[in-house]
Each structure stands twice: as C-alpha cells, then as structure tokens.
Amino acid sequence: MTLKAVKGFKDILPEEARKRQRIEETARQIFEGCGLEEIRTPILERTEVFARGIGEHTDIVEKEMYTFEDRNGQLLTLRPEATAGILRAVIEHKLYNKSPLLKLYTVGPMFRHERPQKGRLRQFHQLNVEYIGSSSPLADAEVVFLAYEIVSKFADQDDLILEMNSLGCPKCRPLHRKDLVLFLKNNVEDFCEDCQRRAGLNPLRVFDCKNEECQAVLKFAPVIKHYICPECAIHMGKVLDALEAFEIPFVQNAYLVRGLDYYKRTTFELKARGLGAQSTVAAGGRYDGLSSLLGGPDLPGVGMAVGVERLLLLMKEELAPRRADLFIAALGDEARTEALYWIGYLRRQGLKVEYSLEDKSLKAQMKQADKAGARYCLIVGEREMDEEEAILRDMKTKEQEGIDLDDLPEILVEKIKSQGDE
RNA sequence: GUGGGCGUAGCUCAGUUGGUUAGAGCGUCGGGUUGUGGCCCCGGAGGCCGAGGGUUCAAGUCCCUCCGCUCACCCCA
C-alpha cells in the first residue's frame, strides 16, 4: 500500500503551481495598485476565534472545522476562513489605532471538512480582502471591484454574473426574520425535509433550496427588500451606484444570503458558468458587528474571498513554456570545468542558464537544450578548448558563430541581454 | 452523512462469448556511423489489471466485500 495524500488534500504539482503563481502575481498587483497591504495570520487559531466569529450554529462551526486539542489541552482549529483571524490580529495589535481604515489582503490555505467535489477541497486556497474601519458604501463597492477585477482577468466576462443583495442590519433584519419564520411555519407542509430543518436553524437558507416546489412557495415569502430600513436602503443604493460608475455589471438577487452569521447589509456573490455545482468563484459582504463580537472595538468592516481552485478551473489560457536563455553543452572534463565557471558567472548576471548534470553525448545534450526551451546553445569540447573558441548556436535560426574563450562570459551577457530587450 | 459513475503502464485509453507471454497513442530513455535539438524511422525501460475473498480446468473479464477517485445532494470560496 503506497502512501497517499489525505482525502481532500491535494499535491500542487509544478504545472499547477505555475498557474497559481500567475494568479497570485496578478492579484497582488491589483491589490497593491489599490493601496492594500498584505497581512499574514497563522493557519491555526484558538477555536474560540471561529466559534464566536462565524457563529455557533453555522455548518462550518458545527461540523466542518478541523478542531483538536494540542498537547496542553488547548482547543485549536485550522482556519476555515480568513476574516475572523485577521480581525483577531487587528484587535490584538490595535492596528485600528494606526489608521482609521485598514485595507488588507491575504493569500493562503483554508480548511473545511466537507465531502470533496468539483471546485471543493478540504484544503483550499483563498485570495482575501478586508476593508476594516469604514462604513462607507464605497468600501463595499471597492471590495466588489477587487473581486471582479481579479476574476475577470482569468475568466470570460460573459461567463460571469455578479449578484448583489442587502441583508439589512440589526434594526431591520429581525423584523424580516420573524415574518419569514412565521411564513415557514404556516406553510411547513409545502417544503422539503431540508427546508423544514433549515427553517429552525437558519431560515434565510431556505431561499437557497434548489427544489422547485420550495421555490414556488417561496415566491410568496417575505423578502428582505421590503423590510429594509431607510438607512440600509440608502447604503445599498450607493453601493450599486458606485458599481455602475466602476462599469461593473450586476444583477440584484433578493434571495441571496450568506452562510456566516456575521454578515450585515451588503452581500454579494460572483458566479461563473462552467464551474459545476460550486459555481461561486468569489463572495463577500459587510460584517460591521464582527469586531465587537470578538471583543474588540466596534469597527465596521467589509470583505471578500476569491476561491483559487475555482479560479483555476476557469483559467483556460495555457502558460507560455519555460525558456532558458542559454544551454551549455560541454564535452570532456576540461571543457566541463571551464563551463561550470561560465555558468556561475552568467547566472549571477541574471541569465537563465541550464546544462546537463550527466556526462552525455552532444546529441543528448542538444535534446535537453531543446526541452529547456533554450534560445542559444553553447557547444564546447576538446576541439574548442584547443582552438580557444566555443560555438554558439542560435536554436531557432540554427546559425552558429565562434566565441573567443578569453572573455566569453562577458560577450555572452552582452549578446543575450541585448537580444532580450528587443 | 446520503446517492450515482469509475478504478488496466507516468498520462489518455483498448482488451472480442472467461482461454496461453496484457496492448496502443502520448511521455520517458537510447539508437539512426566519427561532435549538433525539434520532424521522421527503429529499439528499450515501465503494469501484484485498486485490494481481499469466491465461482471455474482457466478470471483484467463473472459474483461478493472493502478501499480509492469522481460527480451530485448538503454546504460554500
């Protein structure tokens, strides 16, 4: 029995790692360009951080967290999402005293013990953004903007759909919730088993049900939109106006809800065709009460997460093959030793130089040069050593020229670097 | 946790009504004269046919159990 990775945990092999590098590079560029700063918090937190932050009765906390006791009997959890940990760090280090608005991003693995399927792993990765300290609807719009910008860099815009909704606030939400619960109670018979269960735990969730009969009944259910207080309505209006100004297309979905308790007001999901059942590639919303829930000051906040694995699924473009600037094919011990000196020098000059670790035939070395995508191949054997002139072959044009051994590295640097600028 | 689909070389897959040494393409390595890559040609390596039982003279092929992968429910990024 060979050893295998744990279920839902995947090895990221070189080809995929390169794609992820591209995604992260692009994201960082966009984040930094918008004035965000990176924060990195631990993957492990005290269970409390998530239990209080995410909500005791959410599925995540109830049955999906990797929670265990360490050697001292302390309850720890592998983070299932990023926001709670970041808030914990912001509060712990009183970062809010340094600036009234913190614009933070982080990239890294999250862990949830769910059954794996397309676009869903137990260890998965997110690009995360948090705007902490601002109640402005523009903060909400910025966060949506960032999600949209990143995703649309890798996905066809026609395949994307941005859904917006407002969940209301502690003032107006309870009214809706009360009426909704009442409605569900009065119509219990018409709902599927799942919905009947949801009604007790997280009533908003029934709106997510895929059952057609449930959806038919839900047409008559109280919708948040009609309960929202003037403040929330104005906030929502400003967010949507800003999105229009940003030229980001969206639709309003009155049934859009969130799985985490801490969300208030703005909530959104960016969905994509071609992802399978897990169609959400990015999502987020406002979480004004979270900071105080975690024992910090009453800081407003809004954030979002992009699912990296899902983005990977959408990423169609093939990566450019790797390219070496130069491959050095050396024949014989003397040439080889000299070649090593050149290789060290050239690499320190920033050139991508490869060569064969094994003592192979010239033909085999040329093949290797080809596989490395080398633009040039330098050939040096006994003959060249005697004549004090190595052969430089342009792999594309097949043209060859002699290079004087005396100041060979300098000549190569100049030649290859000037080529690269063209 | 509940369903469906699938497990044969590194990868994608063939494998006839059960029948002898399990195949192909791609990849990989080597060769096609003395020191020159890609294309082409030739050759090599590489499989407890997911595991364990059973039926049979005979199992990759049939039956059972388990394991794994996968898609969907659920939930969510």
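The model shown is predicted, which means the values in this text are computed figures rather than measured ones. Order of the sequence lines fixes the chain letters, A, B, ..., with proteins taken first and strands second; residue numbering starts at 1 for each chain.
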A.B. asks: Does CZ belonging to R22(A) count more than 12 external heavy atoms closer than 6.0 Å?
C.D. replies: no
A.B. asks: To the side chain of K360(A), which of A77(B), C69(B), G30(B) is closest?
C.D. replies: G30(B)
A.B. asks: With rounding to the nearest 0.5 angstrom, report the CG to OH distance, L180(A) to Y227(A).
C.D. replies: 8.5 Å
A.B. asks: Between G3(B) and C66(B), how many Å separate the two P atoms, rounded to a whole number?
C.D. replies: 12 Å
A.B. asks: In Å, rounded to the nearest 0.5 Å, how long is the span from CD1 of I403(A) to CD of E389(A)?
C.D. replies: 8.0 Å
A.B. asks: Within the structure shown, what part of the strands sits under 4.0 Å from L121(A) by heavy-atom distance: base, sugar-phosphate, or nothing?
C.D. replies: base
A.B. asks: What is the distance, to the nearest angstrom, from the CZ atom on F124(A) to the P atom on A77(B)?
C.D. replies: 8 Å
A.B. asks: Is the count of non-hydrogen atoms from other residues, nucleotides or ligands lying under 6.0 Å from R46(A) atom CZ greater than 12?
C.D. replies: no
A.B. asks: Tell me, yes or no, whether the heavy-atom count around R40(A) atom CZ, taken from other residues, nucleotides or ligands under 6.0 Å, exceeds 12.
C.D. replies: no
A.B. asks: Considering only atom C1', compute the distance from G50(B) to A59(B) and round it to an integer number of Å.
C.D. replies: 16 Å
A.B. asks: What does A283(A) touch in the nucleic acid at a heavy-atom separation under 4.0 angstrom: a base, only the sugar-phosphate, or nothing?
C.D. replies: sugar-phosphate
A.B. asks: Going by heavy atoms in the side chains, are P80(A) and M110(A) under 4.5 Å from each other?
C.D. replies: no
A.B. asks: Mind checking G119(A) for me? I need base, sugar-phosphate or nothing, with any heavy atom below 4.0 Å counting as a touch.
C.D. replies: base
A.B. asks: More 5' along RNA chain B: G8(A) or K63(A), using each one's nearest nucleotide?
C.D. replies: G8(A)
A.B. asks: Could you give the distance separating C49(B) and C62(B) at their P atoms, to the nearest angstrom?
C.D. replies: 16 Å
A.B. asks: If the P atom of G27(B) is compared with that of C40(B), how far apart are they to the nearest Å?
C.D. replies: 9 Å
A.B. asks: Given a 3.5 Å cut-off on both pairing distances, which stems involving RNA chain B, each at least three consecutive Watson-Crick or G-U pairs, are present, if any?
C.D. replies: B:1-7 with B:67-73, B:10-13 with B:23-26, B:28-32 with B:40-44, B:50-54 with B:62-66
A.B. asks: Using the C1' atom as the reference point in each nucleotide, state the distance between A14(B) and U33(B) in Å, no decimals.
C.D. replies: 39 Å
A.B. asks: How close or far is atom P of C74(B) from atom CD of E114(A), stated in whole angstroms?
C.D. replies: 13 Å
A.B. asks: Can you check the L127(A) CG to A77(B) P distance for me, whole Å?
C.D. replies: 14 Å
A.B. asks: Round to the nearest Å and state the distance from K7(A) atom NZ to G50(B) atom C1'.
C.D. replies: 14 Å
A.B. asks: Rounded to the nearest 0.5 Å, what separates atom CG in L95(A) from atom CD in E92(A)?
C.D. replies: 9.5 Å
A.B. asks: Evaluate whether atom CD of E414(A) has more than 12 neighbouring non-hydrogen atoms of other residues, nucleotides or ligands under 6.0 angstrom away.
C.D. replies: no
A.B. asks: Considering only residues two or more places apart or on different chains, which pairs with a residue in residues 239-254 of chain A satisfy side chain to side chain donor-acceptor pair (under 3.5 Å)?
C.D. replies: E163(A)-N253(A)
A.B. asks: How would nucleotides 33-39 of chain B be written as a contact map, 5' to 3', with B for base contact, S for sugar-phosphate-only contact and - for no contact, using protein heavy atoms under 4.0 Å?
C.D. replies: --BBBB-
A.B. asks: Quick one: which protein N/O atoms are closer than 3.5 Å to N/O atoms of nucleotides 3-13 of chain B? Pair and distance per line, please.
C.D. replies:
none

A.B. asks: For K271(A), report the nucleic acid contact type (base, sugar-phosphate, nothing); a contact means any heavy atom under 4.0 Å.
C.D. replies: nothing
A.B. asks: How far, in whole Å, is G68(B) from A51(B) if one measures between their C1' atoms?
C.D. replies: 10 Å
A.B. asks: Starting at CG of L13(A) and ending at C1' of G27(B), how long is that distance when rounded to a whole Å?
C.D. replies: 15 Å
A.B. asks: Could you state the atom-to-atom distance from CG of L3(A) to P of C67(B) in whole Å?
C.D. replies: 18 Å
A.B. asks: Could you tell me how far U28(B) sits from G47(B) if I compare only their C1' atoms? Round to whole Å.
C.D. replies: 16 Å
A.B. asks: Do any side-chain nitrogens or oxygens of Q117(A) fall under 4.0 Å of OP1 or OP2 in A72(B)?
C.D. replies: yes
A.B. asks: Only pairs at least two apart or in different chains count here, so list each side chain to side chain donor-acceptor pair (under 3.5 Å) that has a residue in residues 351-364 of chain A.
C.D. replies: R322(A)-E354(A)
A.B. asks: Measure CD1/I54(A) against P/C75(B) and give the value in whole Å, please.
C.D. replies: 16 Å
A.B. asks: Can you measure R112(A) atom CZ to G1(B) atom C1' for me and round it to whole angstrom units?
C.D. replies: 18 Å
A.B. asks: Taking for each residue the nucleotide of RNA chain B bearing the nearest heavy atom, is the 5' side occupied by R122(A) or by K118(A)?
C.D. replies: K118(A)
A.B. asks: With sequence neighbours excluded, tell me which residues meet side-chain contact (heavy atoms from CB on, under 4.5 Å) with E81(A).
C.D. replies: F50(A), I54(A), T83(A), A84(A), R112(A), L260(A), Y262(A)
A.B. asks: With a 3.5 Å cut-off and just heavy-atom distances, do the side chain of R120(A) and the base of C71(B) make a donor-acceptor pair?
C.D. replies: no
A.B. asks: For K415(A) and E401(A), run salt bridge (Lys or Arg N to Asp or Glu O under 4.0 Å): C-alpha distance rounded to whole Å, both residues' side-chain angles, the deciding distance at 0.1 Å, then the answer.
C.D. replies: CA-CA 12 Å; K415(A) 186 164 179 65; E401(A) 63 178 310; 3.2 Å; yes
A.B. asks: Mind checking the P distance from G7(B) to U61(B)? Whole angstroms is fine.
C.D. replies: 12 Å
A.B. asks: Decide yes or no for R88(A) and V49(A): does some side-chain heavy atom of the first lie under 4.5 Å from some side-chain heavy atom of the second?
C.D. replies: yes
A.B. asks: With heavy-atom distances below 4.5 Å as the criterion, would you say the side chains of L104(A) and L36(A) are in contact?
C.D. replies: no
